[in-house]
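Step one of this worksheet: look at the structure below.
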Amino acid sequence: TSISRISYLMRDMEVSFVDEDISAGFTLPEAGIFAVTENEVFGRKKRYKSSLAHIASSPLDTFVELSPGDFIVHIQYGIGRFLKIERIHAAGKERDYIKIEYAKGETVFIPIEQVNLLQKYIGQDGRPPSLDVIGGTSWENKKNRVKKSVEDLAQKLISLYALRERQKGFSFPKDTDLQVAFEASFPYEETEDQLACITDVKQDMEKPDPMDRLICGDVGFGKTEVALRAAFKAVSASKQTAFLAPTTILAEQHYHTILERFKGFPIEAAMLSRLTDQKDLKRIITGVKEGRIDILVGTHRILQKDVEFKDLGLLIIDEEQRFGVKDKERIKECKVTIDALSLSATPIPRTLYMSLLKIRNMSLITTPPLQRRPIQTFIHEFDEQLLIDAVLAETDRGGQVFYLHNRIKTLQKTVITLKNLMPNVSIEAAHGRMAAHVIESRMRDFVHGAFQVLVSTTIIENGIDIPNVNTIIIDRADNYGVSQLYQLRGRVGRSDQQAYAYLFYPKDRSITEMAMKRLKIISEHTELGSGFKIAMRDMEVRGTGNLLGREQHGQMASVGLDMYLNMLDKAVAKLSRKEEPQETEMFLDLDYSGYIPDSYIEDVTTKFEVYRKISSIQSSDELHAVTGMLEAAYGPIPDEAANLLFIAELKIIGKTLSIASLKERNGKVRIEFSRVADVSVEKVLSLITESGGNVRLDPAHPHVLLMSTQAISLRDKSLFILEKLQRLL
C-alpha cells in the first residue's frame, strides 16, 4: 500500500528502488517527501549475530564443569569420583557412559542420557569427602539425616520469607511509553541474559514487597544497563534513586554513564563524594531533600545522615562486599522499605549462599561482550626478566600497564626499581593516602596516555574503564583473596586487544596452602564470564561461613550443596503446603546409537556440559535453543549427536502425556501411561482407527499402547513415535 501510494504521488517522475542502508532520514521539500528510518522510530541498535543461544538454567548449572578426578554426587548412589566418559559398543550399538569410581574400587557406568541425575560435589572448606559404598546404607542414612535437618531450616526460611512479604514497599507501575523510548535508545543489542535480568528486576519492582536482588555478571557484561533501566522505572514513578559505588573513581564512571544514557530525558542526576566541594555539596543536598535531583550517585558519603531524600524508591549498590561494616549496616536499614538492587562480578561466599538459599534473589549475566577475548593469565614466582618482557611487550604495541604493589611504605621504592630496570618507560605512582585532587589528576593523566605504567595500591580495584591498559602485573598475588584477584585481573581486557595478567608470588619463599588454592582457582578460570564460577569455587574453598550454624553446615557438606538445596526446596514447599507438581520422569529404553563424536567436540569438560544441557531439556523452546547453540558453536550436528536430541524430544512429549515408560526393541514399541486421565480417550481411539493396525491397545493392560514402527534408524523411529504421540495432545 505504501509503495502504491508513493507511486501515485510520483507518477510523473522516474522512480528507482535501491536496497541499501541509510544512516538517517531526510527531507526533499520540492518533491514533498519526508523519510524516516526504522532506527529513528525504534531506536538505534548495533546488531550483532549471537553465536550462542540462551538456555535457561539454574545458577548451579553454570558450575557444572567436570574434570577427571572431580567428586560427583549421583542422586541414587551418592558421592563418587568422576573418572571419564567412556564409549561402549554392545549389540552393534554405540553409547557414551559416565564412569564413576566409588568406595572399595567399585565403578558404575551411568548412561549419558541420565547425566541430569549427577551434580558436581561442592562441600566444606575444600576438604575431600569420603566415597560412598555401592549397595550400602551410608548414602541413604546421610540423606535421611539431612532431610530431618533441613526441615528445621525450612521452617526458619518460611518465617523469613513471610516477614519479607509483610514488609510494606512500593509497587511500581508497568512500563510507560517513556520507558520504552529510553530502552530503545540503548546503542547495543541486549543479550538474552540481560533481557532476562531486566525482566526479573521489573517484576520485582512491580510487586508490593521490597525488592532485594543480586545481579551477578562479569565486568562489561551489561549489569549497569540493567541498573539504569531500573532507575528510569523508579524515576518515572516520581521516586528517587541512590546509586552507591565503593570508590570515587567508580562513582564518577557511573555518573558520566548516567549523564550520557539519560541525555534528552527529563531526569536530573548529581554526584556526591569526598571530592565534591562545599558549594556544590550544599546545592546537591538541598536538591535531594526537595526532590529536584532524581538520581544521586556517590560513595558511602550518600549514606551519611545529612543526606535526606524526599522520596527514595530504589537503592543500587555496586560491589556491596567492598563496603565497611558500618556502611553495610546502613545499607541493611535502607533495604527494609525500599527496593534494592546489588551488582557484583564475584559475590563473597556469604552473599552467594544467601542467594542460593533464596534469602536474596539472584540473576546471572553470563554472555560475554562482542569481540572480548579471555585474559591470558600467568602465575609465576617473581621473575625480573619476565616482568621487563611483559611491560615492554605492552608499551611497544602502544598500550599501558597496571603494576599493583599494595604496600604504601615501599611503593616509591618499587617505582625507582622499575625505572632503573626500564629507563625508557614513563612510570608514575598512586595510592589512597594521596590528596584526593592528586589521585584524580594522576588517574586523568593516565587515562589520556601521559605515562605508560601506573604503580598503585588496590585503589584501581574498582577503577575506571581504560581500554588502552591491557597488561596488569600483581606483586605478591598470594596476599589477595580470590574475588579480589578476579576484580583486579578484570581491570584489563576492556577492548578487542589481547590482554595479559601476571600474578607473581615471592621467589624462594613458601606460601600458605590456602594462598596456593586461591591462585590455582584464578589460573583455572580464565574464560569469559568466570566470575560466578570463581565465586562458587571460593565458597567451596572457604566454606559458606556460619550463616546456618555449625550443624547445618556439616549436613550440607555430607551430601553436597546442590542436593542440599534441592532437599531444602522440597521441605520448604511441603511446609508451605504448596502443591508440588507431580512430574513424571519417563523411563526411556530405545535401541539406538547416541553420543557426541570427538570430531565434533573433543574437550571432555565441554562435552560433559553439552550432555548435561541436552539431558536437562524440559521444553520445545529449550530444545530449539540447545540445537541452535550446537549448530552456531560447532557446526552441523552429526547423526549420533542428533539422536540424543530426538531422545530429548520424546521426553518432552512423554512428560506432557504423563508417560511412565517407553520401551522399544526391533521396531516394537510399548508405551505405558502413568495417569490415563491425562490422555483423551477419543484421540486414542481415533489414532488406533487411522493407524492401519500399527497402533493398538494391550488387551491385558488398558493403560498400555503398543506400536509397530517398521523403522530401523532412530530418526525414523523417533519421527514415527512423535507423529503418533503428537496426535494425542
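Predicted, not measured: the structure shown is a model, and the values here were computed from it.
Contact check for S456 versus L404: side-chain heavy atoms found under the 4.5 Å cut-off. You'll find the side chain of D212 stays beyond 4.5 Å of the side chain of N361, heavy atoms only. Looking at heavy atoms from C-beta onward, V288 lies in side-chain contact with Q240 at the 4.5 angstrom threshold. Inter-residue side-chain proximity for N470 and R397 is flagged as met; some heavy-atom pair is nearer than 4.5 Å. In this structure, L485 and L503 have side chains that are in contact, with non-hydrogen atoms separated by less than 4.5 Å.
Side-chain atoms of T395 never come within 3.5 Å of backbone atoms of A393 as a donor-acceptor pair (strictly under, hydrogens ignored). In this structure, E381 contributes its side chain and P506 its backbone to no donor-acceptor pair below 3.5 Å. The backbone N or O of G217 sits less than 3.5 Å from a side-chain atom of K223, completing a donor-acceptor pair. Side chain of Y403 to backbone of V391: no donor-acceptor contact under 3.5 angstrom is found. Using modelled atom types, no side-chain atom of E260 and backbone atom of T257 make a donor-acceptor pair closer than 3.5 Å. Put simply, the side chain of D383 never gets that close to the backbone of H380: no donor and acceptor are under 3.5 Å apart. Listed for the Q179 side chain is a donor-acceptor partner under 3.5 Å among the backbone atoms of K233.
Across L214 and S344, no two heavy atoms sit closer than the pair CD1-CB, 4.0 Å.
Atom CG of residue L488 and atom CD1 of residue I474 lie 5.0 Å apart, to the nearest 0.5 angstrom. Atom CD of residue E225 and atom SG of residue C197 lie 12.0 Å apart, to the nearest 0.5 angstrom. Atoms CG and NE2, on L244 and H254 in that order, are 9.5 Å from each other to the nearest 0.5 Å. Here D280 contributes atom CG and L272 contributes atom CG; the two are 9.5 Å apart, rounded to the nearest 0.5 Å. The CD atom of Q304 lies 8.0 Å from the OG1 atom of T299; values are rounded to the nearest 0.5 Å. For the atom pair CZ of R433 and NZ of K409, the computed distance is 9.0 Å after rounding to the nearest 0.5 Å.
Looking at R229 and E190, a side-chain N of the basic residue comes within less than 4.0 Å of a carboxylate O on the acidic one, giving a salt bridge. Between R476 and D478, at least one side-chain N (NZ, or NE/NH1/NH2) sits under 4.0 Å from a carboxylate O, which counts as a salt bridge. We find that K607 and D598 are joined by a salt bridge, their nearest charged nitrogen and carboxylate oxygen being less than 4.0 Å apart. Contact check on R407 versus D475 returns a salt bridge, with a Lys/Arg side-chain nitrogen under 4.0 Å from an Asp/Glu carboxylate oxygen. Contact check on R442 versus D445 returns no salt bridge, with no Lys/Arg side-chain nitrogen under 4.0 Å from an Asp/Glu carboxylate oxygen. A salt bridge links K202 with E183; the closest basic N to acidic carboxylate O contact falls under 4.0 Å.
The aromatic rings of F378 and Y502 sit parallel, their planes meeting at an angle under 30°, below the 60° perpendicular limit. Between F382 and F504, the ring-plane angle classifies as perpendicular under the 30° and 60° cut-offs. Ring geometry for F186 versus Y188: interplanar angle over 60°, hence perpendicular rather than tilted (30 to 60°).
Using modelled atom types and a 3.5 Å distance limit, the side chains of S342 and R213 yield no donor-acceptor pair. Under 3.5 Å, the side chains of Q400 and N468 contain a donor-acceptor pair of N or O atoms. For the residue pair Q452 and S426, a side-chain donor N or O sits within less than 3.5 Å of a side-chain acceptor on the partner. In the model, H405 has a side-chain atom that pairs as donor or acceptor with a side-chain atom of T410 under 3.5 Å.
Taking the centre of each ring, F243 and Y255 stay at or above the 6.0 Å mark.
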